[in-house]
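Everything on this sheet refers to the single structure shown next.
The figures here come from the full heavy-atom set of this structure, side chains too, leaving out hydrogens, waters and symmetry mates.
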Amino acid sequence: MTGSSSSDLEKDSIRVNENANVTTTPLYNEHVDISGVDERKLLRKIDIALIPWLSLLYLLSFLDRTSIGNAKVPLATELRRSRVLFEISLALSSRAGPEHYWVSDTQYLLALTIFFFSYAIFEVPSNVFLKRLRPSLWLSGLMFCWGIMMTVQGLVHNFGGLMGMRWMLGLFEAGLFPGVNYYLSCWYKRSEFGIRAAIFFSAATVSGAFGGLLAAAISNMDGVGGKPAWAWIFILEGLATVIAGALSFFIIQDFPDTAKFLTEAERTVVVRRLQGDDQFSAAGEQLRMKYIFKSILDWKTWIGMIVYVGADMPLYAFSLFLPSIISQYSSISAARFDVLLCNVEVCSHRAIQGFKATPANLLTVPVYAFACLITCIVGFLADRWGRRGYFNLIFLCLGAAGYIILIASRNAALSYFAVYLATCGIYPVIPNSIAWVSNNVEGSYKRSVTLAMVISFGNINGAVSSNVYRAKDQPWYPLGHGLVLLYIGFGLISSTTFLLLLKRENAKRDRGERNEIIGDEKSTGHEVNGRYNTVADAKRDKGDEWSGYRYTT
């Protein structure tokens, strides 16, 4: 968060490959005087212009994709009053009258699953389009379109319509999360990116808390305009997204070298400080298929995908089903568990009281508030200490402990406590992993594709999370918790592997094994690593493979 003076920036901008040769790289906008620019004030200006609005957009995005989880609880409650003996998830059917529409639990899971396929498929092309086009145009257009899909989701009258809207919702939402993370990485140093990514991602935790409160409030609109409560949740949240999308065209800023809210001197400072942080492509880069292939063939991309999936699949499982899981715990506490064993005709009234939607939604609020707090703390400390891999390992272990308790416990209070531990292995690990991968990839287009591939692979596994919390496993959901624990194990193994391989590669560069030949000098380089006229040429061509680049562990 702290900055240096403008004179320090000029010094930092002239980086050299100390292990290879002492050759300076050209200074960006050498003719521009930056002596009047205060870097700390400039960072605050950028933060205010970027972070709050982007966080609001992600809050709306996550609220829209997971609101179906909050809508599920009042629907299940309403239909249990009609003594439907299996979990009812949505009130849709051509067979029922206007007061009792429904689809089965299987159809509900399919509606969740289809979202993740379109969401994952379109993330990589969306990031390429974001780089080619203006962020203000691309991101605002995506948001406006998915807001319309969200609104229409509350107006559908059959299962096919619901499936179509969920597919389209995933298609348009696909570009926001990977796009914004890539976009932010183009503005901040590697040691500054983590806390911004954490604050941005914390909107997901806020949306969880806010979504529970909002769903509880909107549930009171049941019957207004002849529509059930679940429909109003979709319609009102969708309309809010449409409005935000329209405003985003005027609020979202473009990339640093063209941002209109900065002066030329300020734009120059931003680019120079990024170049001084080994982000050599900050001044701009032409699209070449070489960069995309480099991303696809990079071992860091593939290990990063496994690292990310270790927290992302649990994230969706957690956010989609938390209200339902808590409603089951509430039911057991209120009915003393024997309700599940007695005759439904005798005990239906007591069971209904335990399955009330509003308490279940409200009990999610403190869980998400805790997740928000721990996510921001980890983001701040990881930026300051730079040990992102170690943070992953610590918090994944805490998350694993939480899910072990959830599997073993048959006590509602203990299980509710374990939910807080579970958040530690999910929410802070998501932005920390994204920052970790981003910190270790250089090249504008390469980084955009790598981040999109990593996030896309995590999201396609969201389709798994949509199907692991089955109605027949309630109230303790051992299969769902067990599979989430398995994914956390993937995260632990891959994070350890990533950490060790990065440390090994840094050690090789310290020993000079990766040195290039610069100019005619052969004594300090190796032909196999390439021959370049200047260090600047080596940086541009090799990106993070350049011998002077050091990976963040």
Run the side-chain contact (heavy atoms from CB on, under 4.5 Å) check on Phe193 and Trp436 step by step: do they pass? CA-CA 9 Å; Phe193 177 49; Trp436 195 18; over 6 Å; no

Side-chain heavy-atom pair [X], [Y] within 4.5 angstrom cut-off:
{"X": "Phe144", "Y": "Phe172", "result": "no"}
{"X": "Phe370", "Y": "Cys424", "result": "yes"}
{"X": "Asp383", "Y": "Ser191", "result": "no"}
{"X": "Ser136", "Y": "Gln253", "result": "no"}
{"X": "Asn459", "Y": "Val309", "result": "no"}
{"X": "Trp187", "Y": "Leu274", "result": "no"}
{"X": "Ser248", "Y": "Trp53", "result": "yes"}
{"X": "Met143", "Y": "Leu57", "result": "yes"}

Determine the interplanar angle of the His481 and Tyr477 rings, folded into 0 to 90°, and report it as parallel if under 30°, tilted if 30 to 60°, perpendicular if over 60°. perpendicular

Got a donor-acceptor contact below 3.5 angstrom from the [X] side chain to the [Y] backbone?
{"X": "Lys45", "Y": "Phe261", "result": "yes"}
{"X": "Asp473", "Y": "Tyr469", "result": "no"}
{"X": "Arg267", "Y": "Ala259", "result": "yes"}
{"X": "Asn127", "Y": "Val449", "result": "no"}

Is there a side chain to side chain donor-acceptor pair (under 3.5 Å) between Ser444 and Tyr182 once you walk through the steps? CA-CA 9 Å; Ser444 183; Tyr182 163 66; 2.6 Å; yes

Can you find a side-chain donor-acceptor pair between [X] and [Y] that sits under 3.5 Å?
{"X": "Ser126", "Y": "Trp138", "result": "yes"}
{"X": "Thr450", "Y": "Lys300", "result": "no"}
{"X": "Tyr487", "Y": "Asp312", "result": "no"}
{"X": "Tyr308", "Y": "Ser494", "result": "no"}
{"X": "Asn181", "Y": "Tyr58", "result": "no"}
{"X": "Thr552", "Y": "Arg388", "result": "no"}

Could you pull out all residues at least two apart from Glu123 that satisfy salt bridge (Lys or Arg N to Asp or Glu O under 4.0 Å)? none

Charged N to carboxylate O under 4.0 angstrom, [X] versus [Y]?
{"X": "Asp544", "Y": "Lys446", "result": "yes"}
{"X": "Arg273", "Y": "Glu192", "result": "yes"}
{"X": "Asp254", "Y": "Lys260", "result": "no"}

As an exercise, state the distance from [atom1] of [X] to [atom2] of [Y], rounded to the nearest 0.5 Å.
{"X": "Leu239", "Y": "Ile235", "atom1": "CG", "atom2": "CD1", "value": "7.5 Å"}
{"X": "Ile306", "Y": "Ile303", "atom1": "CD1", "atom2": "CD1", "value": "9.0 Å"}
{"X": "Ile252", "Y": "Leu139", "atom1": "CD1", "atom2": "CG", "value": "4.5 Å"}
{"X": "Ser61", "Y": "Phe177", "atom1": "OG", "atom2": "CZ", "value": "9.5 Å"}
{"X": "Leu184", "Y": "Arg196", "atom1": "CG", "atom2": "CZ", "value": "9.5 Å"}
{"X": "Ile233", "Y": "Gln153", "atom1": "CD1", "atom2": "CD", "value": "11.0 Å"}

Start with the C-alpha gap between Thr151 and Glu237, add the side-chain angles, then the distance that decides, and say whether side-chain contact (heavy atoms from CB on, under 4.5 Å) holds. CA-CA 7 Å; Thr151 304; Glu237 292 179 6; over 6 Å; no

If I compare all heavy atoms of [X] with all of [Y], which pair ends up nearest, and what's the gap?
{"X": "Ala422", "Y": "Ile426", "answer": "O-CG1, 3.4 Å"}
{"X": "Cys376", "Y": "Ile195", "answer": "O-CD1, 3.4 Å"}
{"X": "Pro366", "Y": "Tyr420", "answer": "CB-OH, 3.3 Å"}
{"X": "Gly425", "Y": "Leu396", "answer": "O-CD2, 3.5 Å"}
{"X": "Pro256", "Y": "Cys186", "answer": "CG-O, 3.1 Å"}
{"X": "Ser433", "Y": "Val307", "answer": "OG-CG1, 3.6 Å"}

Give the intermediate values and the outcome of side-chain contact (heavy atoms from CB on, under 4.5 Å) for residues Leu130 and Ser448. CA-CA 9 Å; Leu130 174 66; Ser448 73; over 6 Å; no

Between side-chain atoms of residues 110-118 and protein atoms elsewhere (two or more places apart, or another chain), which donor-acceptor pairs fall under 3.5 Å?
{"from": "Thr113", "atom 1": "OG1", "to": "Leu109", "atom 2": "O", "distance (Å)": "2.8"}
{"from": "Thr113", "atom 1": "OG1", "to": "Asn467", "atom 2": "ND2", "distance (Å)": "2.7"}
{"from": "Ser118", "atom 1": "OG", "to": "Phe115", "atom 2": "O", "distance (Å)": "3.2"}
{"from": "Ser118", "atom 1": "OG", "to": "Trp167", "atom 2": "O", "distance (Å)": "2.8"}
{"from": "Ser118", "atom 1": "OG", "to": "Leu171", "atom 2": "N", "distance (Å)": "3.3"}

Give the intermediate values and the outcome of side-chain contact (heavy atoms from CB on, under 4.5 Å) for residues Phe255 and Lys131. CA-CA 9 Å; Phe255 290 109; Lys131 178 60 182 174; 4.3 Å; yes

Answer yes or no for Lys290 and Tyr445: cation-pi contact, defined as NZ/CZ to six-membered ring centre under 6.0 Å and angle to ring axis within 45°.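 Negative - Lys290 is either too far from the ring of Tyr445 or too far off its axis.
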
The single option from Ser438, Ser456, Pro178, Ser295 that satisfies side chain to side chain contact (heavy atoms under 4.5 Å, CB included) with Leu451 is Ser438

Trp302 vs Phe457, test: ring pair (Phe, Tyr, Trp, His ring centres under 6.0 Å). Steps then yes/no. CA-CA 10 Å; Trp302 295 95; Phe457 185 69; 8.0 Å; no

